[in-house]
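Labels below follow one simple rule: chain letters A, B, ... track the order of the sequence lines, proteins then strands, and each chain is numbered from 1.
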Protein chains: 2
Amino acid sequence: MGTGEAWASVDFNSRDPVYLQVVRHFKEQIATGKLQAGQVIPSRRELGTLMKINPNTAQKAYKEMEEQQLIVTEGNSPSRITGDEEVLRAIRSELIGEAVDAFVASVRKVNVPVEELLDLVRSKYTEETNRQPKSDGGGTSGDQS
Amino acid sequence: MGTGEAWASVDFNSRDPVYLQVVRHFKEQIATGKLQAGQVIPSRRELGTLMKINPNTAQKAYKEMEEQQLIVTEGNSPSRITGDEEVLRAIRSELIGEAVDAFVASVRKVNVPVEELLDLVRSKYTEETNRQPKSDGGGTSGDQS
DNA sequence: GTAAGTGTATTATCGCGATAATACACCAGC
DNA sequence: GCTGGTGTATTATCGCGATAATACACTTAC
């Protein structure tokens, strides 16, 4: 009930493959403790219904997670989150690391002063219900190749 | 790369459409001042050769840039970077803003303390040729290409 | 004027992710 | 024992980006 089923109302972007976004979503649920070791997860068909995706796509995501040791499936009993705490712990670092990597790689090519960058991240990360139409009025001109 | 033609040796990822990565590359070149207002850019066929992509993909990228007012083309004379300084100035903010947005959105779901996050960004952004075999105890067996 | 290069457009093929429709072996409940 | 649910697998179709091979109007160079 109030728990807000961890696998509903996920909005997919049209860029990345859906099955990978599903995997990522599960990793996020694990990283934030909403999914825990040994916990049962929905069947492929059920997840397809819940997430409004094709069961085959759900199967592909589960297969991927299976290969990444995130979930385990014995016979035809429902799949569960792995009990390997080592694997579970690593997920958080993996998610954060990937995000930081992508971000830094993306922004390195634009030559942004570190402090300006950190400020931007801080404000955007901190603002919860706020909305700024635009930041950076152009005072960021201290740039040279 | 002393001469360093601004449109060579660009490594594409296999995730995003190539033509969009080309557009992004041009934006980065503009944002860092390597491409300036009015400057002539290679023809579609030439860019195809330089970037080792199909001329049609180059055309698609140019068409996209044309629609975004990044470049202008009169008749069949070579396309040039727009002279609209307003547009040019906006690019830098756009690139940074998008990167920050994506990063924050990506990392918000994992519930990371701000300071930890900023530290990670700072170290990764600062490190030039350094490599840390171990960072957070997570053996991220990287496989997500 | 001819040739070469330009921007532009069209058509076809390929790969891949998503979807769809099944099919099959397995196990639980009644 | 039959039904329904499970995990698993196969085949086909669709969309889209990338590639490929042209085609055409235009302009510049010679």
Q: Which residue lies toward the 5' end of DNA chain D, Gln21(B) or Ser77(B), if each is placed at its nearest nucleotide?
A: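 Looking at DNA chain D, the more 5' nearest nucleotide goes with Gln21(B).
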Q: Tell me, which pairs form a ring-ring contact (aromatic ring centres under 6.0 Å, His included) where one or both residues lie in residues 70-97 of chain B, sequence neighbours left out?
A: none
Q: Decide yes or no on side chain to side chain contact (heavy atoms under 4.5 Å, CB included) for Ile81(A) and Leu88(A), but give the supporting numbers first.
A: CA-CA 9 Å; Ile81(A) 304 295; Leu88(A) 295 182; 3.9 Å; yes
Q: May I have the step-by-step check of side chain to side chain contact (heavy atoms under 4.5 Å, CB included) for Tyr19(A) and Ile53(A), ending in yes or no?
A: CA-CA 9 Å; Tyr19(A) 81 101; Ile53(A) 59 177; over 6 Å; no
Q: For a quick test of reading the model: is some side-chain N or O of Ser43(A) closer than 4.0 Å to OP1 or OP2 of dT6(D)?
A: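 Affirmative; the distance criterion is met.
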Q: Name all pairs fulfilling the side chain to side chain donor-acceptor pair (under 3.5 Å) condition that reach into residues 29-39 of chain A, sequence neighbours left out, sorted by first residue then second.
A: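 Applying side chain to side chain donor-acceptor pair (under 3.5 Å) to every pair that reaches into residues 29-39 of chain A, excluding sequence neighbours, yields Thr32(A)-Lys34(A).
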Q: Rounded to whole Å, how long is the line connecting atom CZ of Arg44(A) with atom P of dA21(C)?
A: 21 Å
Q: Pick the nucleotide of DNA chain C nearest each of Glu46(B) and Lys52(A); which residue has the one closer to the 5' end?
A: Glu46(B)
Q: Starting at the 5' end of nucleotides 22-30 of chain C, put B wherever the base has a protein heavy atom under 4.0 Å, S where only the sugar-phosphate does, and a dash everywhere else.
A: -B--BS---
Q: Which whole-number value in Å describes the distance from Asn54(B) CG to dG15(C) C1'?
A: 15 Å
Q: Considering just the side-chain nitrogens and oxygens of Thr57(B), establish if one lies under 4.0 Å of OP1 or OP2 belonging to dT19(D).
A: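 For dT19(D), OP1 or OP2 has a side-chain N or O of Thr57(B) closer than 4.0 Å.
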Q: Please state how far atom CD in Gln59(A) lies from atom P in dT11(D), giving the value in whole angstrom units.
A: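 Atom-to-atom, Gln59(A) to dT11(D), this comes out as 16 Å.
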Q: For Asp16(A) and dC16(C), give me the distance from atom CG to atom C1', rounded to whole Å.
A: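 In whole Å, dC16(C) C1' and Asp16(A) CG are 14 Å from each other.
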Q: Sequence neighbours left out, what pairs pass side chain to side chain donor-acceptor pair (under 3.5 Å) with at least one residue falling in residues 49-61 of chain A?
A: Arg44(A)-Gln59(A)
Q: In whole Å, what is the span from the OH atom of Tyr19(B) to the C1' atom of dA20(D)?
A: 19 Å
Q: What integer distance in Å separates Leu20(B):CG from dC16(D):P?
A: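 These atoms are roughly 14 Å apart.
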Q: Nearest-Å distance, CE (Met51(B)) to C1' (dT19(D))?
A: 17 Å
Q: Kindly state each residue pair satisfying ring-ring contact (aromatic ring centres under 6.0 Å, His included) with at least one member in residues 54-109 of chain A, sequence neighbours excluded.
A: Phe26(A)-Tyr62(A), Phe103(A)-Phe103(B)
Q: Between dT6(D) atom P and Lys63(A) atom NZ, what is the distance in whole Å?
A: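 Going from NZ in Lys63(A) over to P in dT6(D) covers 19 Å.
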Q: Please collect all ring-ring contact (aromatic ring centres under 6.0 Å, His included) contacts where either partner lies in residues 28-52 of chain B, sequence neighbours excluded, each pair once.
A: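 Qualifying pairs, neighbours excluded: none.
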